[in-house]
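Throughout, numbering of the chain's residues begins at 1 and tracks the sequence.
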Amino acid sequence: MYLFCKISAYSLTWFNKSFGSTSFYFQCTGLYCKLGETTAEAKFVIQETNLASALGSNQVKVQVKACALSPLDIKLHEDLKFQRDLVPVGREIVGIVLQVGPKVTFFQPDDEVVGILPLDTAMSGLCDAIVINEHHLVQKPEKLSWVEAAGAIRDGLRAYTALHTLARMASGHTLLVLDGASPFGVLAIQLAHYHGVKVLASALSSEDQKFLEQLRPSVARVIGVWDAKVDLVDSCLEETGGLGVDIVMDSGVRLHEEEPEARCLLPYKHDIITLLGVGGHWVTTEQNLQLDPPDSRSLFLKAASLSFLNEEVWGASSARQGRYLHIMKDIVEKLSTGTLRPQLEDPVPLYDATVSMEMVQKKQVRKRLVVQL
């Protein structure tokens, strides 16, 4: 589910510092998260910020054409001890190169690029122009639209990380995608189909089930977990002849009997372990997952593995930079050829951006996009 909103223009301004010298800055209006004492007290605000416009050796200034809004992991920022009151929002960006630093080799002015701002960035992707290291960008194919590029780059990266890096997906495998109608789930299904994988998917609502049943190439089985009469484990074992699936990608795990309504349709960890086949891979997005000894024993008997999906790991080490760029290049190429087809919706006005991000953060909607016309 994607929505869009227009961005206001920015202005370039000269500021005099207190010591009398003059520096060149640009003033931009972006969306930021104002942190509170607790995660629940965080607020999203439109804020003007003054950012130095001088480019570093490998930096690129990009005029932003589109920017995606995804849920902000406030706990991750706290764990990494980023000491800031305002956390920039909107890191998936696409735009046109305006200026390059003296040692930039990948790009030149007027190139169309797509990328993800680093986790420690001080800039919001809603700014009209941003400064970013060239190693966080790739060329955008001419046939690929602004909104498709921005809307799919992060979910595509997550799908690649889960299926290729963690699960070692191969032709002939059987994959279960939980919440298959999510933006991430749709791209994972399409990527798996491309590599000859049989795909099962769960649907959290009757609308999601109808959508998944209409996907082409078709999903082998859509499991409507919204229907109390449907059992996820039984459906998977029936579809695989009792062998279980080779790969499970969850969208969260139900940890307790008493859970908020939004998490009531999530599977229990025991269910996932039960439907996993011998030598299978479970890729989880549940940060607080805890395994009891019986759970670990079951995984051991199946020689199965558990991996935690955290796409931010690509920015943790420069040793992974080459593979990271290779993955992003492959994503945009598959988007331009139609192998990956994100689901997009119409734009919303800028004045709804703050409310829209709050809805994304509360998981009332799955994703929103910001475009500049």
Side-chain angles (χ1 to χ4, degrees), residues 158-159 161-182 184-193 195-206 208-209 212-213 215 218-257 259 262-309:
R158 297 186 77 212
T161 304
L163 294 176
H164 286 295
T165 307
L166 300 179
R168 306 296 183 183
M169 171 183 65
S171 177
H173 278 168
T174 300
L175 164 70
L176 171 62
V177 180
L178 297 169
D179 191 11
S182 67
F184 167 52
V186 169
L187 293 186
I189 290 170
Q190 294 168 351
L191 183 62
H193 275 145
H195 289 280
V197 173
K198 178 181 178 180
V199 180
L200 317 179
S202 73
L204 303 186
S205 68
S206 58
D208 285 354
Q209 180 159 350
L212 290 171
E213 290 172 345
L215 275 182
S218 60
V219 175
R221 183 161 185 169
V222 179
I223 305 168
V225 295
W226 57 274
D227 186 346
K229 299 177 182 178
V230 175
D231 185 272
L232 177 67
V233 175
D234 290 345
S235 298
C236 290
L237 294 179
E238 178 183 341
E239 187 65 33
T240 59
L243 297 177
V245 300
D246 298 296
I247 304 170
V248 178
M249 287 173 42
D250 71 41
S251 59
V253 177
R254 188 170 179 179
L255 303 176
H256 311 288
E257 288 290 340
E259 290 271 17
R263 294 179 58 88
C264 285
L265 295 180
L266 296 177
Y268 289 104
K269 56 186 176 182
H270 177 72
D271 293 337
I272 294 179
I273 294 172
T274 302
L275 59 82
L276 196 62
V278 173
H281 301 273
W282 174 12
V283 180
T284 184
T285 61
E286 184 58 60
Q287 300 180 18
N288 299 316
L289 179 68
Q290 295 182 4
L291 295 182
D292 299 321
D295 301 323
S296 298
R297 182 66 181 173
S298 296
L299 288 172
F300 167 77
L301 292 173
K302 294 185 177 186
S305 66
L306 168 65
S307 301
F308 289 87
L309 177 58

Do [X] and [Y] have side chains that approach each other closer than 4.5 Å (heavy atoms only, starting at C-beta)?
X	Y	value
Thr284	Ile272	no
Leu175	Asp246	no
Met249	Leu163	yes
Val253	Leu266	no
Leu166	His281	no
Leu243	Thr174	no
His164	Leu191	yes
Val177	Val219	no

Kindly give the heavy-atom pair with the smallest separation between [X] and [Y], and that separation in Å.
X	Y	value
Gly180	Ile189	O-CD1, 3.7 Å
Leu309	Ala162	CD1-N, 4.0 Å
Trp282	Leu276	CB-CD2, 4.2 Å
Gly224	Val230	O-CB, 3.5 Å
Val199	Ala192	CG2-CB, 3.7 Å
Ala203	Leu212	CB-CD1, 4.0 Å

Donor-acceptor contact below 3.5 Å, side chain [X] vs main chain [Y]:
X	Y	value
Thr285	Gly252	yes
Asp227	Lys229	yes
Lys302	Ile273	yes
His173	Gly196	no
Arg254	Cys264	yes

Between [atom1] on residue [X] and [atom2] on residue [Y], distance to nearest 0.5 Å:
X	Y	atom1	atom2	result
Ser182	Arg158	OG	CZ	8.0 Å
Ser251	Leu204	OG	CG	6.0 Å
Asp250	Leu289	CG	CG	8.0 Å
Cys236	Leu200	SG	CG	5.5 Å
Glu213	Ser218	CD	OG	10.5 Å

**Q.** Qualifying residues under salt bridge (charged side-chain N to carboxylate O under 4.0 Å, His left out), relative to Asp179, sequence neighbours excluded
**A.** Arg366

Q | CD/Gln287: more than 12 non-hydrogen atoms of other groups inside 6.0 Å | A | no

Q.
Before you tell me yes or no, could you show the steps for His195 and Ser171 under side chain to side chain donor-acceptor pair (under 3.5 Å), namely the whole-Å CA-CA distance, both residues' side-chain angles and the distance that decides it to 0.1 Å?
A. CA-CA 6 Å; His195 289 280; Ser171 177; over 6 Å; no

Q | Test log, rule side chain to side chain contact (heavy atoms under 4.5 Å, CB included), inputs Leu232 and Leu178 | A | CA-CA 10 Å; Leu232 177 67; Leu178 297 169; 4.0 Å; yes

Q) With a 4.0 Å cut-off, would you call Glu286 and Lys269 a salt bridge? A) no

